[in-house]
Amino acid sequence: MTTAAEPKEASEKIDLLLRMYRQMVAIRQFEGQVNELYTRALMPGLAHLYIGEEAIAVGVCEALDRTDYVTSTHRGHGHCLAKGASPDLMFAELLGKKAGYCKGKGGSMHIADPATGNLGANAIVCGSAGIATGAAFSAKRLGNGRVAVCFFGEGALGQGVLYEVMNLAQLFKLPVIYVCENNLYTEYTHFSETTAGDILTRATAFGLDAASVDGQDVRVVHETAKRLVDRARRGDGPSFLLCNTYRYHGHHVGDINREYYRSKQEEQEWKTQRDPIANFGKWLIEQKLADAATLAQVQTELEGEMKKAVEFAVAAPYPGVSEVEEDVYA
Amino acid sequence: MTTAAEPKEASEKIDLLLRMYRQMVAIRQFEGQVNELYTRALMPGLAHLYIGEEAIAVGVCEALDRTDYVTSTHRGHGHCLAKGASPDLMFAELLGKKAGYCKGKGGSMHIADPATGNLGANAIVCGSAGIATGAAFSAKRLGNGRVAVCFFGEGALGQGVLYEVMNLAQLFKLPVIYVCENNLYTEYTHFSETTAGDILTRATAFGLDAASVDGQDVRVVHETAKRLVDRARRGDGPSFLLCNTYRYHGHHVGDINREYYRSKQEEQEWKTQRDPIANFGKWLIEQKLADAATLAQVQTELEGEMKKAVEFAVAAPYPGVSEVEEDVYA
Amino acid sequence: MPDTMPETIAPAGTRELTFAQAIREALAEEMRLDSTVCIMGEDVAEAGTPFKVLSGLLEEFGKDRVLDTPISEAGFTGLAVGAAMTGMRPVVDIMFGDFITLTMDQMVNQAAKVHYMSGGKWRVPMVMRTTMGATRRSAAQHSQSLHAWYCHVPGLKVVLPSTPYDAKGLLKAAIRDENPVVFFEDKMMYKLKGPVPEGDYTVPLGVADIKRAGEDITLVATSSMVQVALGAAVLLEEIGVSAEVVDPRTMWPLDEKTLVDSAKKTSRAIILDEGYERYGVTAELASVIATGAFYDLDAPVKRMGAMHVPIPFSPPLEDATVPTEQTVFEAARKLCGK
Amino acid sequence: MPDTMPETIAPAGTRELTFAQAIREALAEEMRLDSTVCIMGEDVAEAGTPFKVLSGLLEEFGKDRVLDTPISEAGFTGLAVGAAMTGMRPVVDIMFGDFITLTMDQMVNQAAKVHYMSGGKWRVPMVMRTTMGATRRSAAQHSQSLHAWYCHVPGLKVVLPSTPYDAKGLLKAAIRDENPVVFFEDKMMYKLKGPVPEGDYTVPLGVADIKRAGEDITLVATSSMVQVALGAAVLLEEIGVSAEVVDPRTMWPLDEKTLVDSAKKTSRAIILDEGYERYGVTAELASVIATGAFYDLDAPVKRMGAMHVPIPFSPPLEDATVPTEQTVFEAARKLCGK
Ligand SMILES: Cc1ncc(C[n+]2csc(CCOP(=O)(O)OP(=O)(O)O)c2C)c(N)n1
Ligand SMILES: Cc1ncc(C[n+]2csc(CCOP(=O)(O)OP(=O)(O)O)c2C)c(N)n1
Ligand SMILES: [Mg+2]
Ligand SMILES: [Mg+2]
């Protein structure tokens, strides 16, 4: 190895860190706009905000290639963005516009994008576990070196199909990583009321490699994800990554009064002490990898981008009614 | 405790041991007759013989009260008999006769009998896991002190619903024991090809107490089952009992040529070295709890009983065609 | 109050409740009457479901009778089957009807067959409550009306209430029934208000109800489509067409006679149901009428269900997928040659 | 050999295969042509399924393309959906049609909707092969014909072959289709023999076939009911009634025109299908004909499906649940006023 490589490696590493910061901020701002669209009654239906959990999508997706696959959930905007989707086409989809990723047919819970390996968000809890496992199956059979990541909330641990596909993935040694985002609540019920035993053991019981990380620390998420992705790509089979996290907002944008299922104090603690963006920003500054002005500029730039993206979406036309019967069959 | 109790206890224990011997022989003879009925083309359809696995049903059911619940499988004759069903009414059911336990409507795979707490055999693999768990739920809510046992083959480990209900059982602390009969094969596939990881851990991961026993040793099965049943009755919640066993015959009575999936030698080893009845009989004699003549007499008595039961069933009439529309709704 | 009250209209002066309140009242009354009735499902306890249909039940009946479950539709439905067999009367809550996909084995291979397979020895007195209905901007996996599947299965009963009055009476009858009953509630109707008598009454399963009498055309409508049919009937009246609106209320048992008699009288019929039109409820009801009123019909029975597409998210597209007052009015007008 | 051969009858002198052999040949040919075609299911490899339909495929194509799975119908069906989206063409084997209960979420909420929900971006070219049919003395959980459920779902195609010739051609078409296709095989037909051309041909999805021409009555029949209809037609001929037997072959897409045209010609129709009669396939087909041939029908369309009971084990009871040559003959005779 030449000595010249070292500065390059270091600068690549800094690039990665700043990119992760930028992506986390992008997700948070995107979601802020979504909430705004809802309260301004511009968005049909509801949406589930990812605010507070940004480090997971970003840390994991930065360990993936563009051609690698992800599957996502009802709380999926973060995964889509982290995998490379454009905010304007996402907003358009959220508003049911023709320009959206799915021509308006999918909406918030069904954004899919072959160009970024996004197999689709899914409104059935655990509904994409089979799909992600199948994508890993294809990758292995076709020998294209890809891996698949299946994101899901801890509520999906209640769905039996998860255990069925983990068993299959291990038997077939498939390159799939099951990423469990434990944000402590399903809709309005604490996970301890619905989850007996030990989460990680539920994966190791099927022979999977399993790890648990602080989901608010993007560096830890990323390093661990990288290890599991490398492992999968090498042919060492599936794994399970448990990320402990918290959603700042309600289950969906309309879930405003939450005190009957969780305390304001708990929310406050997570927001003030464990915020993935604030803490990571502080660390970047401490390590002298960025200064406060640079980070502030990221914020400002993204604010502008997001506003433009929203404007695009709001102005975009709806699909024509005749399109309703298109795309049923290929 | 008075000293007089001791001989009584000892004689009760001997009674239990001899009853278990007798029950195992009864099951084997019953199944022999079933095979006979099939080869003589007297039985409609197929049946799945329990021969080789008798120690499990008997060991477990002897730990239960008559009012306790069991659910059974496609390979269910042993469980029914061990829980107290009468061979004549069972044979009648197997032949589709009106006198059968289910008026001929159920057949081999659906024998049910409220009088012995038998919630029914089930032809859907793992199909009764929910039912058994629900019976335990009732027992707890109604406070009647009953427990429920769910028998299933290791193939049922592939069904996600098993993990769903184990989670529920543990959360609700239900008096249910999941008894997994690992006879090494599903239909024609070795369990190692379909089962990744570790079976017991699949239960402990959900917080269940779990134990693994030699399913060919009725005494060990019974002692362990008793411990788990007592525990459940005390309110300590669900548990999982893995019994390692072997089926001597084919998957069903028509599965004659088995060499493409298992060797004759393997079959021979289990039959000659690990037979639950032969070994238990030998032990009874060694311990001077029974002599060879007594055991031979059990065989003879049961042969007579089984023949009579078969004759009853063969002579019994079919249901009238008009009965087809009865019992659809209660 | 009589035990059974099949009439449409509650006595004058009866207080009004929303559809959701009527359901809650039925549950509360049955739970007071029978300690074996219990509720289980996702977020049913503190949250009282996302639709707030069950609010207050936890407070009255406690955690042992109003049970939050994990997101395990197959698992807790299966548990309910076993509980029903052994002395309880569970009422299972499946949040969105789209998730009955996960309960098919427990309901169809187990609940529906236990009684028959056991030769009548075991019974499964349970209720599954779930939802149906589109136009809530919830997209393809949260908008389906899949009740036709369960109607197809012997051993199950299937109920689709269309008014608060019916909702209360039918749910009470369902809970008291000795069989597994699936009870579909249209999400868009939860806020619909109507008169609901206080106290005990049931609406028997298997009795259709004429929601509006008429002479010229029969609109057979289920669930929220009853409101659509009533709206269309008003429009039709304006052009001199008198529409009769018939609500089967329960898809199984099915009150064929009332449907057929109405079609015989009017000689024209449209079937309205929010399930997918093909191979669904509209086919069965149309076929029953086409056969039963064969010699009286002046025109083919017209079917109007959901379009044969997954429900789209985009509002203008979604709105096109289901029958509306206007499309029903047009169809009826055409059928009557006006 | 032409690429597409919708004709009923293969050229004279064509060798005969059983229904099972025809299926196997279709799979083997497609697997040779396209390396992305693979098979997965329980006991499909060494055992070649309990019905021995797939015997020999493991030997030719190896363990990577003929995969034994755990007893996880939901899991491996879901896996197939994802594999189909990403470059494979999986053919999933669900041993008994009764077990599709376990696959409803994967097929209906996922496979059927992925293309639409993604605005046409992702495709799911997969096939689910499964079985149907009673009278095998297998009782209530192994005898159902539940295809109506899948017919009800936009986004799926549903195929019910009735002859070895159709089985091969339709299965090849199904595998090449870009959509999820469910392929129902009647267990009781596996040993049925018929002419099957060697080599490549497909039968297009959506084209009905007239299995027997006739003038007086139309018997629309699916799957094994085609044989029943043909048998009844012979009996009818003896009393001077000429029956036309029409096989839709695919329930979706549905060739309505051929069905309606036949009924218009004969003015009488019976629909035969082995699914439960209520809220099932017979309702849809009867309704299509009652509407399409409204002005030509001399009598109501008669539906004959499985009785509205769980399938009983006892042979005399089971035999009473499904249409037979004799019961079809009687019904047709009555309908023709003979
Ligand atoms: C199979 C299924 N059951 C229930 C629901 C309704 N539902 C939507 S989100 C949700 C909670 C999911 O919790 P979790 O998986 O922890 O994800 P989170 O919302 O916390 O990100 C539920 C119950 C659903 N969409 N799918
Ligand atoms: C859900 C379901 N899938 C498949 C089958 C077909 N089947 C019947 S028995 C069996 C094998 C069961 O193996 P196991 O659970 O080990 O029980 P064993 O026969 O060994 O006692 C299979 C696959 C079924 N009955 N149910
Ligand atoms: Mg959560
Ligand atoms: Mg086994």
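Since this is a predicted model, take the numbers as computed values, not measurements. Convention: sequence-line order gives letters A, B, ...; per-chain numbering from 1.
Heavy atoms only, all atoms of each residue included: C/Ala134 and C/Glu274 are closest at N-OE2, 2.6 Å.
Between A/Glu259 and A/Lys264 a salt bridge is recorded (basic side-chain N to carboxylate O distance below 4.0 Å).
Residues forming a salt bridge (charged side-chain N to carboxylate O under 4.0 Å, His left out) with C/Glu277 (at least two apart in sequence, or on another chain): none. For A/Asp88, the side chain to side chain contact (heavy atoms under 4.5 Å, CB included) criterion is met by A/Ser86, A/Ala309, A/Phe312, not counting sequence neighbours.
Judged by distance alone, the side chain of C/Ser314 and the main-chain N or O of A/Gly96 form a donor-acceptor pair under 3.5 Å.
Aromatic ring centroids of A/Tyr50 and A/His79 lie under 6.0 Å apart.
Of the atoms belonging to C/Glu73, heavy atoms from both backbone and side chain fall under 4.5 Å from chain A. With a 4.5 Å cut-off on non-hydrogen atoms, C/Ala74 does not touch chain A at all.
Per-residue heavy-atom pair counts under 4.5 Å with chain A were compared for C/Arg137, C/His142, C/Gln141, C/Glu318, and the maximum is reached by C/Gln141. Per-residue counts of heavy-atom pairs under 4.5 Å with chain C were compared for A/Ala196, A/Ser108, A/Gly45, A/Cys126; the largest is that of A/Gly45. Of all the listed residues (C/Pro50, C/Gly75, C/Ala45), the one sharing the greatest number of non-hydrogen pairs under 4.5 Å with chain A is C/Pro50. For chain C, the option among A/Leu46, A/Val328, A/Ile124, A/Thr186 with the highest count of heavy-atom pairs below 4.5 Å is A/Ile124. Top candidate by heavy-atom pairs under 4.5 Å with chain A, chosen from C/Ala47, C/Pro312, C/Pro310, is C/Ala47.
A cation-pi geometry, defined here as NZ or CZ lying under 6.0 Å from the six-membered ring centre and within 45° of its normal, holds between A/Arg262 and A/Tyr185.
If you take CZ on A/Arg202 and OH on A/Tyr178, they are separated by 16.0 Å, rounding to the nearest 0.5 Å.
Of residues 59-72 of chain C, those residues with a non-hydrogen atom less than 4.5 Å from any non-hydrogen atom of chain A are, in numerical order, C/Lys63, C/Asp68, C/Thr69, C/Pro70, C/Ile71, C/Ser72. Contacts between residues 92-104 of chain C and chain A, defined by a heavy-atom separation under 4.5 Å, are made by C/Met95, C/Phe99, C/Leu102.
With A/His74 as the fixed residue, the ring pair (Phe, Tyr, Trp, His ring centres under 6.0 Å) test singles out one of A/His251, A/His252, A/His110: A/His251.
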